[in-house]
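In what follows, a single structure is set out as structure tokens and then discussed.
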Protein chains: 2
Amino acid sequence: MADNADTSQRILDIAERLVQTRGFNGFSYADIAGPLRITKASLHYHFPAKAQLGKRLIERYERNFLAALAAIDRTGANARQKLRRYAAIYAEVLRDDRMCLCGMLAAEFSTLPKAMRENMKHFFDENERWLVGVLEEGRRSKQLKFTGAAREVARALVGSLEGAMMLARSYGETARFQVVADRLLAEVSA
Amino acid sequence: MADNADTSQRILDIAERLVQTRGFNGFSYADIAGPLRITKASLHYHFPAKAQLGKRLIERYERNFLAALAAIDRTGANARQKLRRYAAIYAEVLRDDRMCLCGMLAAEFSTLPKAMRENMKHFFDENERWLVGVLEEGRRSKQLKFTGAAREVARALVGSLEGAMMLARSYGETARFQVVADRLLAEVSA
DNA sequence: GTCTATAGGTGGATAGAC
DNA sequence: GTCTATCCACCTATAGAC
């Protein structure tokens with residue numbers, strides 16, 4: 001049979017999609033056990049409590065997300081291209097009929113275990129940090145222009161993209177997201 | 001004792017706050033019955049099914065929201081002022097530690113009864129309609145400036161405000177919302 | 001690692017008395 | 001309109017066999 005690591009990963013894969021589509025409070029162990037063809041009890045061997053599963057989910061999601069940002073950095077793209085690719089990550093998630101994992105959790109914030117809240121905010125803090133770097137680089141190289149602190153622009157970008165994603169998904173229209181994303185990029189382009 | 005209408009309203013008041021803070025899937029009839037000091041069974045007299053309670057909740061929320069927009073119109077404020085007041089409605093909700101009811105439901109979209117989904121989208125459609133009117137009025141009067149269709153700008157505004165609200169609430173920092181709202185207004189100001 | 005069995009709780013919802 | 005009592009489905013989680 002599959003070994004521990006393998007099964008754990010598959011559990012996380014299924015749970016991740018469930019959180020991104022239905023929310024952390026919108027799925028149960030039964031929703032994972034069914035497709036995986038193991039029992040609910042077996043899931044508890046890998047993740048004793050749902051809160052721990054949630055925490056691990058965010059940690060993995062952030063790791064993968066930051067890896068994608070690092071990959072963007074390695075392409076040597078200019079600041080404007082980097083922002084476009086940042087938005088493209090969101091668009092890709094949406095095209096797969098998912099919401100951003102942490103955007104979803106932000107809505108459920110008040111019902112989440114404390115550990116998950118901290119992890120969720122850490123994800124957004126890291127997004128902000130990367131964006132601030134890109135924005136400042138872009139301002140220096142005259143690729144980008146904006147007023148005020150880069151941090152403020154970064155926060156506005158993250159919030160706007162998450163919100164646009166949420167509404168686009170409700171309407172089942174990916175294009176709604178793209179239109180907003182394009183406008184946001186245009187607004188900071190020199 | 002209180003009559004039907006009175007109790008129904010109080011049920012809606014409590015349920016509304018619960019949805020705005022915990023989400024539609026994040027509360028139960030017990031959460032309403034407790035504070036109201038009646039039993040869960042009694043709640044079913046007023047709202048036989050939770051889905052109906054949810055539907056009525058959205059209808060009332062939209063009615064009140066549109067009334068607030070009509071009130072803005074009656075002030076005779078100019079387009080820029082109207083947008084500022086529009087954002088102020090969001091800020092006020094947030095200051096009360098709530099999310100927009102429909103922004104919350106947008107996150108839970110895939111788990112909602114169909115009737116609630118339709119009502120939720122109608123709320124956003126009406127918001128868009130009002131904003132399009134304000135934006136076009138502002139463009140004519142040179143108070144506002146923006147490229148592209150007013151509808152696109154309206155959708156971007158709604159999405160961005162909802163997203164900013166969601167993140168600001170998670171961080172417990174109302175100021176995060178205001179910073180984004182101010183930037184959005186500045187971007188369409190002539 | 002996975003299973004059966006089950007505990008202990010809560011979910012929405014109904015019947016019928018008052 | 002509100003109550004008590006109850007149903008049944010589902011939830012997370014655990015014990016203990018294999």
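Below, chains carry the letters A, B, ... as their sequence lines are ordered, and counting in each starts from 1. This is a predicted model, so every value here is computed, not measured.
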Please list each protein N or O that sits under 3.5 Å from an N or O in nucleotides 16-18 of chain C, with the distance.
none

Qualifying residues under side-chain contact (heavy atoms from CB on, under 4.5 Å), relative to A:Gln81, sequence neighbours excluded: A:Ala77, A:Asn78

For B:Asp31, side-chain contact (heavy atoms from CB on, under 4.5 Å) partners two or more places apart: B:Leu18, B:Phe27, B:Ser28

Lys/Arg N to Asp/Glu carboxylate O, A:Asp6 vs A:Arg10, below 4.0 Å: yes

Strand-adjacent residues in residues 111-120 of chain A, judged by heavy atoms under 4.0 Å from DNA chain D: none

Least distance between heavy atoms, A:Leu43 atom then A:Ile38 atom: CD2-CD1, 3.7 Å

d(CD, B:Gln52; C1', C:dA13) in whole Å: 12 Å

D:dT2 OP1/OP2 closer than 4.0 Å to side-chain N/O of B:His44: no

Cation-pi, B:Phe109 ring and B:Lys121 (6.0 angstrom, 45 degrees): no

Listed once per pair and sorted, the salt bridge (charged side-chain N to carboxylate O under 4.0 Å, His left out) pairs that draw on residues 134-148 of chain A, sequence neighbours left out: A:Lys82-A:Glu137

For DNA chain C, the residues among residues 33-43 of chain B that have a non-hydrogen atom under 4.0 Å from it: B:Lys40, B:Ala41

Flag side-chain contact, heavy atom, 4.5 Å: B:Thr111 against A:Thr21: no

B:Lys50 side chain, from C-beta outward: closest of C:dG12, D:dT2, D:dT14: C:dG12

Expected list for residues 178-190 of chain B: side-chain donor-acceptor pairs under 3.5 angstrom, two or more places apart:
| from | atom 1 | to | atom 2 | distance (Å) |
| --- | --- | --- | --- | --- |
| B:Gln178 | NE2 | B:Asp182 | OD1 | 3.1 |
| B:Arg183 | NH1 | A:Thr147 | O | 3.0 |
| B:Arg183 | NH2 | A:Thr147 | O | 3.1 |
| B:Ser189 | OG | B:Leu185 | O | 2.7 |

All pairs passing salt bridge (charged side-chain N to carboxylate O under 4.0 Å, His left out) where residues 154-171 of chain A contributes a residue, at least two apart: A:Glu128-A:Arg155

Strand-adjacent residues in residues 20-32 of chain A, judged by heavy atoms under 4.0 Å from DNA chain D: A:Phe27, A:Ser28, A:Tyr29, A:Ala30

Residues forming a side-chain hydrogen bond (donor to acceptor under 3.5 Å, both in side chains) with B:Arg17, sequence neighbours excluded: B:Asp96

Partners meeting side-chain contact (heavy atoms from CB on, under 4.5 Å) with B:His122 (sequence neighbours left out): B:Glu62, B:Glu126

Any donor-acceptor N or O pair under 3.5 Å, side chains A:Asn119, A:Tyr61: no

Gap between atoms CG and C1', on A:Leu53 and D:dA13 respectively (whole Å): 14 Å

Non-neighbouring partners of A:Thr39 that pass side-chain contact (heavy atoms from CB on, under 4.5 Å), sequence neighbours left out: A:Ala41, A:Ser42

